[in-house]
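None of these values were measured; they are calculated from a predicted model.
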Amino acid sequence: MSQSMNPKNLPASLRPLLPLFEKWGHVGSDSGRYTLMDRALKDPNEMAELKAWHTEWSQIDIKTYGEWYDGSLSECYERAKVYFTDMLLYGELEIDKR
């Protein structure tokens with residue numbers, strides 16, 4: 001059974017993105033994140049979903065979560081999920097350029 005995120009551990013501004021982080025924020029291994037990346041690249045519906053999430057996320061002021069985001073990943077499961085979602089979307093997929 002996988003761990004679920006606790007919305008109370010997310011900054012309020014990021015709570016609307018909880019479904020994105022739950023689905024796309026793989027914290028177990030790089031290979032798991034690469035599997036998600038391959039799934040997105042092969043499925044236009046998944047890619048469209050990620051583009052929509054990117055639009056929503058890019059409208060949130062980083063000042064509302066930046067300090068929280070810079071904390072330790074090992075101390076906060078939710079922060080790790082957000083971090084690895086960010087890495088997938090903007091590092092591997094470069095969603096903002098698609």
Side-chain angles (χ1 to χ4, degrees):
M1 186 170 141
S2 65
Q3 185 174 349
S4 294
M5 294 177 72
N6 182 343
K8 293 178 183 178
N9 293 336
L10 283 173
S13 62
L14 293 180
R15 290 179 190 156
L17 302 177
L18 183 72
L20 167 71
F21 304 135
E22 286 279 30
K23 183 175 179 179
W24 295 99
H26 185 78
V27 299
S29 66
D30 288 343
S31 62
R33 197 174 61 256
Y34 298 150
T35 298
L36 288 174
M37 180 179 67
D38 290 341
R39 185 173 93 199
L41 291 170
K42 291 177 184 175
D43 186 336
N45 292 325
E46 296 282 28
M47 189 60 73
E49 175 184 289
L50 290 173
K51 288 178 183 179
W53 282 119
H54 157 66
T55 299
E56 190 169 338
W57 195 348
S58 65
Q59 294 174 6
I60 298 172
D61 186 351
I62 195 168
K63 292 176 188 173
T64 65
Y65 66 90
E67 188 173 322
W68 172 87
Y69 183 83
D70 290 336
S72 171
L73 298 182
S74 62
E75 293 177 6
C76 181
Y77 177 73
E78 290 74 16
R79 186 179 297 119
K81 293 283 277 186
V82 171
Y83 178 85
F84 288 111
T85 303
D86 187 352
M87 184 180 288
L88 173 71
L89 263 63
Y90 300 102
E92 281 96 4
L93 288 173
E94 296 183 322
I95 199 76
D96 51 329
K97 297 176 184 174
R98 293 181 182 270

Kindly write out the residues that satisfy salt bridge (Lys or Arg N to Asp or Glu O under 4.0 Å) with [X], not counting sequence neighbours, or none if the list is empty.
X	result
Glu67	none
Glu49	Lys23
Lys97	Glu94
Asp30	Arg33

**Item:** Partners meeting side chain to side chain contact (heavy atoms under 4.5 Å, CB included) with Pro16 (sequence neighbours left out)
**Value:**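 Here the qualifying residues are Glu56.
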**Asked** What residues, two or more places apart in sequence or in another chain, satisfy side chain to side chain contact (heavy atoms under 4.5 Å, CB included) together with Asp61?
**Response** Lys63, Thr64
**Prompt:** Where the side chain of Arg98 meets the backbone of Leu93, is there a donor-acceptor pair that is under 3.5 Å apart?
**Reply:**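 Yes; judged by distance alone, with no hydrogens or angles, the pair exists.
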Within a strict 4.5 Å, meaning less than it, do heavy atoms of the [X] and [Y] side chains meet?
X	Y	value
Tyr69	Pro11	no
Trp68	Leu14	yes
Ile60	Leu17	yes

**Request:** Sorted by first residue and then second, give each ring pair (Phe, Tyr, Trp, His ring centres under 6.0 Å) pair with at least one member in residues 23-48; sequence neighbours left out.
**Result:** none
**Prompt:** Can you list every ring pair (Phe, Tyr, Trp, His ring centres under 6.0 Å) pair that touches residues 79-98, not counting sequence neighbours?
**Reply:**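 The answer is His54-Tyr90, Trp57-Tyr90.
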Per-pair distances, 0.1 Å, donor-acceptor, side chain in residues 36-43, under 3.5 Å, sequence neighbours excluded:
{"unit_1": "Arg39", "atom_1": "NE", "unit_2": "Glu46", "atom_2": "OE2", "d": "3.2"}
{"unit_1": "Asp43", "atom_1": "OD1", "unit_2": "Asn45", "atom_2": "N", "d": "2.8"}
{"unit_1": "Asp43", "atom_1": "OD1", "unit_2": "Glu46", "atom_2": "N", "d": "3.4"}

**Message:** Filter on salt bridge (charged side-chain N to carboxylate O under 4.0 Å, His left out), then keep only pairs touching residues 77-91, sequence neighbours left out; what's left?
**Reply:** none
**Message:** Would you compute the distance between atom OG of Ser58 and atom CG of Leu89 and round it to the nearest 0.5 angstrom?
**Reply:**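 One gets 10.5 Å once the value is rounded to the nearest 0.5 Å.
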**Fill in**
When rounded to the nearest 0.5 Å, the distance separating CG of Leu10 from SG of Cys76 is 7.5 Å
**Message:** Test side chain to side chain contact (heavy atoms under 4.5 Å, CB included) on Tyr77 and Asn9; report intermediate values, then the result.
**Reply:** CA-CA 9 Å; Tyr77 177 73; Asn9 293 336; over 6 Å; no
**Complete:** Residues at least two apart in sequence or cross-chain that pass side-chain hydrogen bond (donor to acceptor under 3.5 Å, both in side chains) with Ser31, listed by chain then number, are Ser29
